[in-house]
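Reminder, nothing fancy here: chain letters follow the sequence lines and each chain counts from 1.
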Amino acid sequence: MYRLLEKRLLATNIYYMKVEAPRIARSCLPGQFVIVKTDDKGERIPLTICDYDAQAGTIAIVFQTVGSSTYQMALLEEGNAFQDVVGPLGNPSDMTGEALEDLKKESILFIGGGVGTAPVYPQVKWLCEKGIASDVIIGARSKEQLILVEEMQKVAGNVYIATDDGTAGFHGMVTGRLKQLVQEEGKHYSKAIVIGPMPMMRAACQLTKELGIPTIVSINTIMVDGTGMCGACRVTVGGKVKFACVDGPEFDGHLLDFDEAIRRQGMYKTEEGRARLKELEREQGIQHSCGCGHGGDK
Amino acid sequence: MDRMKRVPVREQEPEARVHNFDEVCLGYNEEEAKEEAARCLNCKNPLCVSKCPVYIKIPEFIQHVKEGDFEEAARTIAKDNALPAICGRVCPQESQCEGKCILGIKGEPVSIGKLERFVADWSREHKVDLTQKEEGSGRKVAIIGSGPAGLTCAGDLAKKGYDVTIFEALHEPGGVLVYGIPEFRLPKDTVIRHEIENVKKLGVKIETDVIVGKTVTIDELFDEEGYEAAFIGSGAGLPKFMNIPGENANGVFSANEVLTRVNLMKAFREDYETPVKLGRKVAVVGGGNVAMDAARTALRLGSETHIVYRRSEEELPARVEEVQHAKEEGVIFNLLVNPVEILEDENGWVRGVRCIRMELGEPDESGRRRPVEVKGSEFDMDFDTVIMALGTSPNSLISSTTKGLETNKWRCIVADEQTGQTSREGIYAGGDAVTGAATVILAMEAGKKAAKAIDEYLTSGGKGSVKDQPGD
Ligand SMILES: Cc1cc2nc3c(=O)[nH]c(=O)nc-3n(C[C@H](O)[C@H](O)[C@H](O)COP(=O)(O)OP(=O)(O)OC[C@H]3O[C@@H](n4cnc5c(N)ncnc54)[C@H](O)[C@@H]3O)c2cc1C
Ligand code: SF4
Ligand code: FES
């Protein structure tokens, strides 16, 4: 059992949980993820690790309630436990394998959309610990949906905010802010790392391609085992089939077939599933929101 | 009694069983078992034994059954096989023990598998305690993977007094026995759970949710946690696809995905969260046990189900009983047919499969006649789901994180056939991880041999005492 040590509501329907998982805390690196399962009957849910403390033996995850499984997760309270937490899965971010002097020459921009801001955090923090400051754009639908802004400010060079409704920072999407930074404020980036909902990552990649910025995305496909056993997570990258769980989760954003990935991600979004979610929302008063900072493209 | 004919085994009627996931074969009762056992000629030179990979003393246990001494029969089997309730159900008996039974020349071979199963079930139901444990050194051995290879190796070492821990990547132990082979063939709550409990009773610890190579490496287990030897029984879980156009369409799954959702995650039950979504008409590509299991699972989920296989019936690698059951249940066989393209509708969902007809040519390396395409014979079939059951290969989670561990070009770990010794001292391997996808009994045999070798290695001194490694 994996005890839940701390639970916080970061924004509407977005939860932060610190969980006891000593083996994972000792071995994980930024970019990797875990699969959690609340109880006997629960689904295996993949979630990116958003912070870890090897000494304390803890990891942190951030998730949004989007279906009945994540809703079940949100019902756990401090002192309760997850039945299963397995990981670290996937490959660590490329940068963790790069030589420090090479990294220092880069100017890296991170873009986090909605709950995707959480997995950006450990990467920015990791770089900060190496003495490298990177820029971050955090996007959300509105001010209330922004997460981890203060935490990010502590570890990043510059943090830029973009909200769809203009209630905080730039009025518009993260792509709008990026354009502004590069074209009007004379910023130069040698690499972009974008994490968020697929449509937002697709839009960001279209733009970074135009701007000539090599871009990495971290994708959240459907998964079952997370160890390369089922192929549910397969995506096409540069014409080749890859398993996101073992070959990813980070891929070259300019080579990933987003249309296919988005289509495959929707495979289980059945009528029935939607109906069930509606029912849950009505009963429990939870809202379904994408909060991706790229509204309208769902 | 006609000695040439088997005592028929009771089964759920096909019409009923396609609507449930309960076990199809109901097994013999005591009377039936005794009657079937009486057919055995108790040969002096029993050929059946020579074809059993673990050399169960078959005539001996069958004589005990005939005399009604089921407990003694169980003890006889237990000497050579720790998982008889499983083997009795899933071994390809027709090509092993039963294939050599002398009665098979003129009539039907003795139902050795069904008798083995009967004895195992009887001893479980009568709570016969078959565990015998020696006092031992308590030295630590790590077992990676909890499939039949790992369970057997762990059990044997625990019996010899070692302190054994199994590390399993999934949240439940059992390997293919729990995530792959369906409930209607191998009941989980009774048979599998019992076997795993037995291994635990011997003192084996099982740590689930540990992916060796990710959560912890073998070298960390050695250097930081005091393990002195390791056995890798990590199986061959990586599914193959055909690499044909349209294979990433929505509605194309690997058999592993469908079976894992249904068996491990219990997607067929309303009260479990994991979904499974199959269409009205399902094509299962392949002809092995995995294909039969996927097809019969799809059938039970309410789909019209077709097998699409590129060779003929004779070459179907599945157990004869599974093919038989699949047919009785209404699975439609499209033989000498091979998919060349998955057809998609405008939203990217499967709408059909373009196939080509095949004919059998010259025999290939496996001795089976090689299927060749019949030029210009392409035709389309309507399907809304396609399940690929083309075989699996080992993944590289362990080999890529264990320095000096040699693998071959199929990513199988290179290990000595007799001992399981790998290119690294103190590390042994066996089962599908070494052979590629094979059978339960071969995995067990490998686990058993490795346990013996590990015992010898540790009693002779352990680290540093072995000089010549294969591959050095
Ligand atoms: C659907 C299906 C039907 C089959 N039907 C039959 C049949 O009727 N008869 C028959 O004889 N054989 C059958 N087989 C084949 C048989 O199941 C296998 O040959 C056998 O299970 C192999 O045993 P194993 O112990 O080597 O590996 P597995 O049973 O595959 O077990 C390996 C275990 O290791 C775990 N693991 C993998 N990597 C790691 C890691 N890095 N760290 C920790 N754990 C890890 C896996 O999660 C798994 O639990 C079937 C297979 C399938 C898939
Ligand atoms: S273990 Fe398999 S081969 Fe051996 S006797 Fe039993 S059924 Fe036959
Ligand atoms: S999640 Fe099963 S292979 Fe990636």
Checklist entry - Do A:Arg23 and B:Glu207 meet the salt-bridge criterion of a basic N to acidic O distance under 4.0 Å? => result yes

Please report the shortest heavy-atom distance between [X] and [Y], naming the atom on each side.
| X | Y | answer |
| --- | --- | --- |
| B:Pro239 | A:Gly231 | CG-N, 4.3 Å |
| A:Val86 | B:Ala169 | CG2-O, 3.6 Å |
| B:Lys214 | A:Gly90 | NZ-O, 2.9 Å |

Can you tell which part of [X] gets under 4.5 Å to a heavy atom of chain A, answering side chain, backbone, both or neither?
| X | result |
| --- | --- |
| B:Asn347 | backbone |
| B:Glu247 | backbone |
| B:Leu238 | both |
| B:Lys266 | neither |

Around atom [atom1] of [X], are there more than 12 heavy atoms from other residues, nucleotides or ligands closer than 6.0 Å?
| X | atom1 | value |
| --- | --- | --- |
| B:Arg269 | CZ | yes |
| B:Lys205 | NZ | yes |
| A:Gln55 | CD | no |

Next on the checklist: Could you check whether B:Asn248 and A:Arg234, counting side-chain N and O atoms only, form a donor-acceptor pair closer than 3.5 Å?
Outcome noted: yes

Checklist entry - Does a side chain donor of either B:Asn395 or A:Thr227 reach within less than 3.5 Å of an acceptor in the other side chain? => result no

Checklist entry - Taking non-hydrogen atoms and a cut-off under 4.5 angstrom, which of residues 253-263 of chain A neighbour chain B? => result A:Glu260, A:Arg263

Quick check for you: to the nearest 0.5 Å, what is the distance between [X] atom [atom1] and [Y] atom [atom2]?
| X | Y | atom1 | atom2 | value |
| --- | --- | --- | --- | --- |
| A:Arg264 | B:Asn250 | CZ | CG | 6.5 Å |
| B:Lys277 | A:Met267 | NZ | CE | 8.5 Å |
| A:Asp84 | B:Thr208 | CG | OG1 | 6.0 Å |

Next on the checklist: Taking side-chain contact (heavy atoms from CB on, under 4.5 Å) as the definition, give me every residue that meets it alongside A:Asp40, ordered by chain and number, with sequence neighbours left out.
Outcome noted: A:Gln83

Next on the checklist: Only heavy atoms, only distances under 4.5 angstrom. Which residues in residues 253-261 of chain B are near chain A?
Outcome noted: B:Phe253, B:Ser254, B:Asn256, B:Glu257, B:Thr260, B:Arg261

Checklist entry - So which of B:Leu397, B:Asp271, B:Ile211 has the biggest tally of heavy-atom pairs under 4.5 Å with chain A? => result B:Asp271

Checklist outcome for this item: chain B shares the most heavy-atom pairs under 4.5 Å, among A:Val85, A:Val246, A:Ile24, with A:Val85

Next on the checklist: Under 4.5 Å from any heavy atom of chain B, what part of A:Ile45 do you find: side chain, backbone, both or neither?
Outcome noted: neither

Next on the checklist: Give me each pair satisfying salt bridge (Lys or Arg N to Asp or Glu O under 4.0 Å) with a member in residues 56-75 of chain A, each pair once, sequence neighbours excluded.
Outcome noted: none

Next on the checklist: Would B:Leu170 and A:Met229 count as a side chain to side chain contact (heavy atoms under 4.5 Å, CB included) here? Give the steps.
Outcome noted: CA-CA 11 Å; B:Leu170 291 171; A:Met229 212 178 76; 4.3 Å; yes

Next on the checklist: I'd like to know if the side chain of A:Ser27 reaches the main chain of B:Thr215, judged simply by a donor and an acceptor atom lying under 3.5 Å from each other, with no hydrogens or angles considered.
Outcome noted: yes

